[in-house]
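What follows is a single structure, written as structure tokens, with notes after it.
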Amino acid sequence: MFEKEIYISRRKRLLESVKEGVILLLGNSEASCNYPDNQYQFRQDSSFLYFFGLDKPDLAAVIDADTGREVIFGNDVDIDDIIWMGPQPLVADQAAEVGVRETAPLAKLADCLKEAKAKGRTIHFLPPYRNHNKMLLHRMLGIPLDGLKEAASVALIKAVVALRLVKEPCEIVEIDEACNLGYTMHVTAMKMMRLGMVEQEIVGVMEGVCHSGGVMTSFPTILSQHGETLHNHCHDAVLTEGRLCVIDAGVEIASHYCSDNTRTLPTGGKFTQKQKDIYNIVLAANDYAREASFPGVTYREVHLGASKIIVQGLKNLGLVRGDVDEMVAAGVQGLFMPHGLGHNMGLDVHDMEDLGENYVGYDPDQTRAKQLGLGSLRMARKLVPGHVITDEPGIYFIPALIEKWKSEGHNAQFVNFDKLESYYDFGGIRLEDDLLITAQGARILGVKRIPITVEEIENTMYTD
Ligand code: GLY
Ligand code: MN
């Protein structure tokens with residue numbers, strides 16, 4: 001938790017944007033896994049954490065935007081809870097730690113909202129994503145369950161996004177720390193990988209590193225020789241010679257700030273020439289994206305610049321043909337990189353996507369493209385110092401997608417479908433760094449960049 005002044009200042013700035021009505025911020029509850037008392041690891045809501053810092057279940061907060069009155073709702077534990085959970089701090093003491101003077105039992109929350117509603121006041125809440133909170137809002141506010149997303153407050157969403165998008169120095173310290181642990185996690189995988197291992201053996205050790213130094217992974221680890229499947233969570237294959245293994249993994253440290261990195265490793269420790277040719281295109285796109293990221297540039301422009309590098313590289317290999325600008329305009333790169341260049345990162349690995357991807361990643365004057373790849377760009381905004389974003393270009397050979405384009409004749413004048421057939425068993429390559437936008441440009445978060453060049457990777461692998 002940060003010092004209380006940080007939370008007080010964040011809430012003060014929130015009220016500079018949301019000037020009237022009642023702001024309701026719900027914390028998360030425990031969620032059951034396979035029977036009621038067997039619960040998933042507790043994860044607090046990130047916006048609640050951002051404004052109130054309290055990392056316990058079943059808390060809610062109300063801020064009266066007209067008067068500035070703040071109340072945290074929650075129940076003190078009773079003796080039954082103490083028997084199972086040990087002594088717990090009083091809600092009032094927890095609230096005092098983040099500069100909130102008033103507390104009340106959770107049961108009073110409904111009365112508080114009822115009173116505000118009766119007076120015709122606006123009740124601002126964020127789009128709920130957990131069923132428990134959906135039920136609470138439905139019961140307390142009388143809004144149909146399937147209407148909650150639309151009823152969420154756009155004013156509150158925009159105010160929260162504006163604050164959380166630009167990271168404070170204390171947040172950068174945490175993200176650097178998460179990235180340092182992410183470094184160890186990835187280098188551990190590089191060193192230990194051996195032919196004949198099952199992918200899951202590496203996942204287990206990597207996640208052990210993460211759990212030892214942090215609290216959890218920031219998302220389910222992706223580690224697969226089928227890197228062409230973008231989010232492949234299946235880890236049951238034996239590592240075999242000549243394959244590429246995509247490892248996309250991140251950590252969440254105790255403060256809940258995240259890291260998210262991807263490296264692609266040759267299973268036997270050495271890249272083939274064919275693999276190197278594709279790898280170095282992706283690396284060039286990754287380096288370009290960092291070097292092109294400056295305040296004032298949009299990340300959409302950077303995505304398109306990285307796309308040009310990818311298309312030019314594939315043209316050099318004879319996999320596509322034609323004018324590079326024309327190919328990028330036609331969306332040829334979407335066949336090879338059907339995802340966006342990156343996303344915001346912070347307390348969530350895809351920061352604030354619960355609030356709506358377009359509110360988070362798009363400036364009001366930007367509209368989301370429909371094209372494959374560009375349409376999946378999660379962060380398109382004009383960059384400003386304090387943005388924390390991922391830089392994660394990739395090239396994938398997805399046989400089903402290539403076959404689809406081929407049968408439809410889509411971009412047939414540009415794509416060398418015949419030559420692509422020899423890449424159907426190639427897999428995919430993604431290389432992901434986490435960047436902080438500064439006044440001077442972009443810096444890679446964490447003390448050291450995870451080995452990334454062909455030489456660095458080959459010199460790190462098989463050294464355990
Ligand atoms: N690292 C997973 C993702 O960015 O989607
Ligand atoms: Mn990512």
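Both ligands and their constituent atoms are indexed starting at 1 by order of listing.
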Any D434 side-chain heavy atom under 4.5 Å of N261 side chain: yes
Tell me, please: is E392 in heavy-atom contact with ligand 1, that is, under 4.0 Å? yes
When you draw lines from the Mn ion (ligand 2) to OD2 of D260 and to OE2 of E432, what angle lies between them, to the nearest 10°? 80°
Just wondering, are more than 12 heavy atoms of other shown residues or ligands nearer than 6.0 Å to NZ in K406? yes
Atom 2 (C) of ligand 1 [closest protein heavy-atom partner, distance rounded to 0.1 Å]: D248 OD2, 3.4 Å
Quick check on contacts: which atoms of ligand 1 are under 4.0 angstrom from a heavy atom of [X]?
{"X": "H350", "answer": "3 (C), 4 (O), 5 (O)"}
{"X": "H343", "answer": "4 (O)"}
{"X": "F219", "answer": "1 (N), 2 (C)"}

Hey, would you say the H350 and F219 ring centroids sit under 6.0 Å apart? no
Y279/F271 aromatic ring centres below 6.0 Å: yes
Would you mind naming the N, O or S atom of E392 nearest to the Mn ion (ligand 2)? OE2
side-chain hydrogen bond (donor to acceptor under 3.5 Å, both in side chains) test vs S224 passes for just one of D236, D248, T229, N232, namely N232
For a distance under 2.8 Å, tell me if H343 has an N/O/S atom near the Mn ion (ligand 2). yes
Examine the side chains of D45 and Y129 and answer whether a donor and an acceptor come within less than 3.5 Å of each other. yes
